[in-house]
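Atoms considered below: every heavy atom in the structure, side chains included; atoms not considered: hydrogens, waters and symmetry mates. Lettering follows sequence order; numbering is per chain, from 1.
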Amino acid sequence: MSSEKKRVKGETLLEIRGLKIEGNSDGVWHPIVKGVDVSLKRGEVLGLIGESGAGKSTIGLAAMGFARPGCRITDGTIMFDGIDLRKASEEERRELWGSRIAYVAQSAAAAFNPAHKLIEQTVETAVRHGIMDRAKAEADSVDLYRRLQLPNPEKIGNRFPHQVSGGQLQRAMTAMAMSCRPDLIIFDEPTTALDVTTQVEVLAAMRDIVEQFNTAAIYITHDLAVVAQMADRIMVLRRGLEVEQAPTREMLKEPKEDYTKTLWAVRKLAKQESISEDIALRIHGVDASYSGVVKVLDNVTVQLPRGRTVAVVGESGSGKSTLARAITGLLPPSKGEIYFNGKPLPKALKDRDKDTLRRIQMIYQSADTSLNPRQTIRDLIGRPIEFYYGVGSAERDRRVAELLDAIELNESYIDRLPGELSGGQKQRISIARALAAKPDIIICDEVTSALDQIVQEEILTLLMKLQKDTNVSYLFITHDIATVRAISDEIVVMHQGKVVQQGPKTQVLNPPHPAYTELLLSSVPEMDPDWLTNLLAKRSKAKA
Amino acid sequence: MHPVLKTVLQRLGLGLLTLFVVSVVIFASLELLPGGFAEAILGQGATPETVAAFNREIGLDRPAFVRYLEWIGGVLMGDFGYSYAGLGGSIKRSVSELIAPRLYNTFFLAAMTAIVAVPLSLLLGVLAALYRNSWYDRIVNSVTLTTIATPEFFIAYLLMFFFAIKNKWFYTLSTVSGSTDLWEHMYRAALPAITLTLVIVAHMMRMTRAALINLLASPYMEMAQLKGVPRREAIIKHALPNAWAPIATVIAFNLAYLVVGVVVVEVVYVYPGIGQLMVDAVSSRDMPVVQACALIFAATYILLNLSADIVSIITNPRLLHPK
Amino acid sequence: MTAQAPDIRSVRARRSFFENVKRTLATAPISAWFGMIVILVYVIAAVFAPLIAPYGEAEVVGKAYQPSGPAFWLGTDQIGRDLFSRLIYGARNTVGIAFMTTMLSFLIGGTLGVLTALKRGWLDQGISRIVDAFLAIPVLIFALMLLAVFGKSIWMLILILALLDSTRVFRLARATALNVVVMDYVEAAKLRGEGMGWIIFKEVLPNILPPMITEFGLRFCFVFLTISALSFLGVGIQPPTADWGSMVAESKTLITFPVRTFPYIPAPFYPAIAIALLTVAINFVVDWFLHKTSGLRDEL
């Protein structure tokens, strides 16, 4: 599928020098980008990588001479093919936009106008800039759809955005960006919202088309493994400044800066697998559904040993979060039984006694929504202690201080509100709140997905330490294979409400796999620039 | 069935249901009075005989649901019963007869206002959204905020004071009758219409501005800009097709608001419309007239909101083009 | 495990509540300051009316329609009562009644709104449908009709308007509470086994309070204007109670009197200005509030 044609790199296309951008929040301007240089040759793909707040999207848009409302470019030059974009008039910039520099946004579902057909929106730029007439542009769009491996390329253009899937929409947006054969495309986290198995197809299609037309591109992402497949050169950004820059292979082999290594911190964690026969929680043949029609859980059987971690892994719609709701009693199963410490667990939340509730605790994905913003840390962590153990305020405060120590936070935090803490600190508070009840099991629902890599690694390390100290069991729900590798003893793979496979980590992660596990595992990008090429070759061979 | 048709029918059904419930509520309000309506009208000292006679006269001695069916049946045929004002006298005045000319006057006033106010406020609102945070936007914001916060009768008296008393350009009282010709009618209704226009424009342009700003901030508008589509074209081609629903909602909301604003303004200018009739009927507790007026106001209100919802449904691409 | 130390140990400087209030007030625009001062003046006038007013509320102290002068600052009304005194008592009556009505409306609508948002199910369905039907009739029209049935007493007026307005409050309280109820921290409290009381008072209420306070300002303006309109129409607050709406209606003939002295303002304009000034003031403050909170929301 992938063309093996080598990219031809030409003279410098984009030259950004000393770029400074400020953002306005609450009436005050503060720096977002603090002096960054970027240069890009024709036909070259540059990866911009960094964590939240690094300023990578802002720089990507600035490469078009554009700043979002609430942002302003304060200093620096942006030269695109000899045109100074900062000095260029609105009119001149508009002539470039779409025709010579194109943009692919993160959320295709929001960036497509819901009122127009895909083909209308694909041809708009070419027709508008007078590059092609309508009939020619439509024929060309169909050709682009075909090159991007969209199903039914002749017809799909007649659909409306809400009628096609997320992965297809992202490819249609790439076709839209390609319609004028621009010199430069800005890809702004184009696959972040997609499931891994969909991501592979979209990445392959995008890389392919950029290669075919020898288009230069800036590829923005927070995932180093993804950018390794796409970019010739990678630039690492942090808090509005460049950390380092190097050709892709060099960067992956030996990064110069310590910070760069933290970008794949979680990948370096691997818990020593340990198996136990002492089962704390046993889910047996459970069915569950929301409306009573479609089964979200279909005959699910899962076992959670005491003092161990079972990772439940699957894509969106696999039923993994519903499993958590079934265990907690929020969604009583319509069939099957859940045994807790050997005894059947009452199905509905309201039928469970206080001690049972105490023994099953939960940690959520987003600490922003799981910690009441109006309660202090003392109230948040102290409430389960008061509620389950009925202790006085002195004893409660002593326990809270103990727990703060256990999660490596200073005691002085006790009177703070969650809003005053960083994302990682907030997630630590969530952990302390769960621990405060001294539970037997903790359900962790995507607890690290919203965090930066280095913070993820800290939280996972903390969770493992706490497990060692308290012998608590974790049911760890996640979509991220690196996290699974880092923390689990056993793995449950779920797909469309069914358990595909359960077993010890080494067994599940190593072949032979059931078909879906194989697809899922092979779709996870690796830190190898040849990974995608090899995978596609393997898959097409298997097909043939 | 096509989803659009299905949703429209559902919405129509809901509208009818609401109308039914509202008519029941309006009818039932009379039944809620402790001691009965007759006692409230005739006073504590009324003898049981007089009360019974009064109840028989207005038909209150029969079961409620029978009277409701008769009432609503009559309403559907355009018959709202007889006014209490003529009860016992030689001439019974039918409510429909009382209402008909006044309803015409009120709709005349509302139409005059709407024809000016709707395009004006849409225009001003669009400008305020396009030139957001400009001086124009700020001034318009303060002025409309002040207008909204001012009671309608104050605005009405201010206009009357300046344009009918200090400068005798208009009449202080907008009396019209069936024999008034069209131009004269428009002239006499001008001050009430200007008052209402001021109030409606203030509300409506603020809502238009908010709805439009919401629309312009959507990611597909940024995408259009980054595709090199000029702003004007982006607004026409990308914002407008998605703007019908919010625009319809704004218009319906304000026309419905007009229905209420009319009551006070009619009283100030002594304009013989249905609002003034209702206020008079409330003072004299002429219930058949009050109920008829309330039903007409409520029905107008419900129908306006219903049509806005239907516009939203038939312009929604997700419903128009199902998966 | 290298560069994370500052992330864990450092924390933003903490400010006390009063410091926050001070900082917030310092950034308030002129319009908001104007609004707050006006509201303060009204509150003082309402609380200390008997001390401030030179004459009694319904006291006939002079001849009818006397012009303004040293004895009667704003002149007298149609039966010789001092307009200035009645204006001050009006602050107490009109504003007080509107305030009580809004409080009652929030008590009813707010409680039901939060309860139905938490409970959902048939209770929510039932109440929401009834409220929808009530929302289909404009408040002024409904109020007129009910006042015709029940007669014109102040308590009836408060009760009727509070009930009608509570449907609007219910809608907002329910919507706001629904946004909070879906939060994980409410689910966490349920999973912990907390009772309804804790969930309502500790988890939900503190989080819906800020938007509800803003809404209180707006609802108060609406109720206040509706009461003034009803009084103006002669079916609201009844004489001899000093009330701004009815004062406008009582003295409306004065508007046609010839201009006498400069600067001459027709008598009905004083109570009308009193009404408008308060609602404008509240709107300015609320506008600033909304601007502040929405500004925080689209923070980068």
> Apply the test salt bridge (Lys or Arg N to Asp or Glu O under 4.0 Å) to residues A:D440 and A:R358: give CA-CA distance (whole Å), side-chain angles for both, the deciding distance (0.1 Å), then the verdict.
CA-CA 8 Å; A:D440 295 350; A:R358 175 185 70 78; 5.6 Å; no
> I'd like to know if the side chain of A:E22 and the backbone of A:C71 have a donor-acceptor N/O pair within less than 3.5 Å.
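Not a single qualifying donor-acceptor pair exists.
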> Under a 4.5 Å cutoff for heavy-atom pairs, which residue among A:D379, A:N372, A:L357 has the most contacts with chain C?
A:N372
> Which bit of A:Q365 is near chain C, if near means a heavy-atom gap under 4.5 Å: side chain, backbone, both or neither?
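Neither part.
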> Using heavy-atom distances under 4.5 Å, tell me whether A:Y388 contacts chain C through its side chain, its backbone, both, or neither.
side chain
> Which one, A:G53, A:P373, A:A434, A:S430, leads in non-hydrogen pairs under 4.5 Å with chain C?
A:P373
> If you tally heavy-atom pairs under 4.5 Å against chain C, which of A:R68, A:R383, A:K354 wins?
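Looking at each option in turn, the highest pair count goes to A:R383.
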> Specify the closest pair of heavy atoms between A:S449 and A:Q456, including all atoms of both residues, with the distance to one decimal.
O-NE2, 4.4 Å
> Measure distances from A:R359 to the heavy atoms of chain C and classify the residue's part below 4.5 Å as side chain, backbone, both or neither.
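Neither the backbone nor the side chain of A:R359 comes within 4.5 Å of chain C.
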> Under the ring pair (Phe, Tyr, Trp, His ring centres under 6.0 Å) rule, what do C:F142 and C:F134 come out as? Steps first, then yes or no, please.
CA-CA 9 Å; C:F142 220 137; C:F134 271 80; 5.3 Å; yes
> What part of A:L349 lies closer than 4.5 angstrom to a heavy atom of chain C: side chain, backbone, both or neither?
side chain
> Between A:R352 and chain C, which part of the residue has a heavy atom less than 4.5 Å away: side chain, backbone, both or neither?
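It is neither, since no heavy atom gets under 4.5 Å.
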> Check for a donor-acceptor pair, side chain of A:D351 on one end and backbone N or O of A:K347 on the other, with a separation under 3.5 Å.
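Checking the backbone N and O of A:K347 against the side chain of A:D351, no donor-acceptor pair under 3.5 Å is found.
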> Is it the backbone or the side chain of A:L330 that comes under 4.5 Å from a heavy atom of chain C, or both, or neither?
side chain
> Side chains of A:Y413 and A:Q425: do they bring a donor and an acceptor to under 3.5 Å?
yes
> Within a reach of under 6.0 Å around NZ of A:K34, are more than 12 heavy atoms found that belong to other residues, nucleotides or ligands?
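Count over threshold, so yes.
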